[in-house]
Amino acid sequence: MPERAEGEGEAPAERRAAGADGAGATAGEPAEGAVRQVSRIVLLDPDDRILLLHGFEPARPSETWWFTPGGGLEGTESHEEAAHRELAEETGITDAVLGPVLWKRRCSFPFDGRRWEQDEWYYLGRTDRTATDTGGQTDLERRSVSGLRWWTSQELSASHETVYPTRLAELLRTLLVDGPPSAPVLLETQRV
């Protein structure tokens, strides 16, 4: 889920953590400093609004950001399988149709007492469903996600809030005008 990071728990879904830029981690995740493989979804509704989660650092609730749904791969699952699983767990949306990988990015950030190193793949996703259900979120996600919201491209462009990946408003505008890129665009590495 978080881009900042995700944590641990008892059941597989509970072992994932939440985070800043928004992604999930499991007990089987790489050790601190190792690179975590993450799938994220740029989920658009029929009106081309994007779904973002609102996260915060558990130890510093005033430190907030918005991020795309997604999280770390578990076990032998593929990037696509992780994208669908994370979306269902974080939002309750199970009918999304995944499109191509739009962007790839490397990021590093502190979250919940450790530093996370991630390689993230951002998939285009489409859904007709705008109702969400956060009942599948992990304990850490419940402690670090305060809600979610559908944003228009104009609302995202006008916002002064922190959003991950950076330049998401510009990237979304380009996507809506030009369509998906012919190959994934490599975004700049981000270290928070």
Side-chain angles (χ1 to χ4, degrees), residues 1-4 6 12-13 16-25 37-55 64-74 77-105 118 120-138 140-142 144-159 161 163-185 187:
M1 147 175 190
E3 284 234 327
R4 287 261 171 141
E6 295 193 33
R16 294 180 321 107
D21 190 19
Q37 298 302 306
V38 170
S39 290
R40 302 201 156 284
I41 303 92
V42 176
L43 187 65
L44 302 178
D45 73 1
D47 296 322
D48 286 336
R49 295 180 305 166
I50 185 173
L51 183 64
L52 298 178
L53 286 79
H54 192 234
T64 68
W65 56 87
W66 292 90
F67 61 96
T68 59
L73 278 62
E74 293 183 356
E77 72 184 349
S78 69
H79 278 86
E80 295 88 357
E81 291 167 336
H84 280 292
R85 177 185 48 75
E86 287 285 339
L87 185 63
E89 290 172 357
E90 294 173 354
T91 71
I93 296 174
T94 58
D95 69 345
V97 176
L98 283 190
V101 176
L102 302 170
W103 317 308
K104 291 184 179 183
R105 140 182 126 131
Q118 298 187 162
E120 299 181 335
W121 291 21
Y122 288 81
Y123 284 90
L124 174 60
R126 288 279 187 180
T127 184
D128 290 332
R129 178 178 166 193
T130 57
T132 58
D133 176 4
T134 58
Q137 290 184 348
T138 66
L140 181 55
E141 289 165 344
R142 286 188 294 275
S144 63
V145 175
S146 60
L148 36 76
R149 173 182 165 194
W150 291 97
W151 295 72
T152 67
S153 177
Q154 295 79 13
E155 291 168 335
L156 197 55
S157 293
S159 176
E161 297 188 61
V163 178
Y164 294 107
T166 55
R167 296 183 36 241
L168 181 58
E170 173 189 337
L171 293 165
L172 179 60
R173 254 190 332 272
T174 300
L175 172 65
L176 295 176
V177 170
D178 298 339
S182 58
V185 173
L187 304 180

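Values reported hereafter were calculated over all heavy atoms of this structure, with side chains retained and with hydrogens, waters and symmetry mates removed. Residue numbers count from 1 along this sequence. Since the model is a prediction, treat every value here as computed from it, not as a measurement.
Two residues are said to be in side-chain contact when any heavy atoms from C-beta on lie closer than 4.5 Å; Arg149 and Leu52 fail this criterion. Within the 4.5 Å cutoff, no side-chain heavy atoms of Val42 are placed close to those of Leu171. Side chains of Trp103 and Leu168 form a contact here, defined as non-hydrogen atoms less than 4.5 Å apart. Counting only heavy atoms from C-beta outward, the side chains of Tyr123 and Ser39 approach each other to under 4.5 Å. The shortest distance between side-chain heavy atoms of Leu51 and Asp45 does not fall below 4.5 Å. Within the 4.5 Å cutoff, the side chain of Trp66 has no heavy atoms near those of the Ser159 side chain. Considering only heavy atoms from C-beta on, Leu73 stays 4.5 Å or farther from Glu86 through its side chain.
Here the shortest heavy-atom pairing between Ala82 and Glu77 reads CB-OE2, 3.5 Å. Annotation for Ile93 and Thr132: closest pair CD1-CG2, 4.1 Å, computed over non-hydrogen atoms.
The main-chain N or O of His79 is never found under 3.5 Å from a side-chain atom of Trp121 such that the two would form a donor-acceptor pair.
With sequence neighbours excluded, the residues satisfying side-chain hydrogen bond (donor to acceptor under 3.5 Å, both in side chains) with Asp95 are Thr127.
Partner of Ser153 under the side-chain contact (heavy atoms from CB on, under 4.5 Å) criterion, chosen from Arg173, Arg49, Glu170: Arg173.
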Query - Chi angles and distances behind the salt bridge (charged side-chain N to carboxylate O under 4.0 Å, His left out) call for Glu89, Arg85 - result: CA-CA 6 Å; Glu89 290 172 357; Arg85 177 185 48 75; 3.3 Å; yes
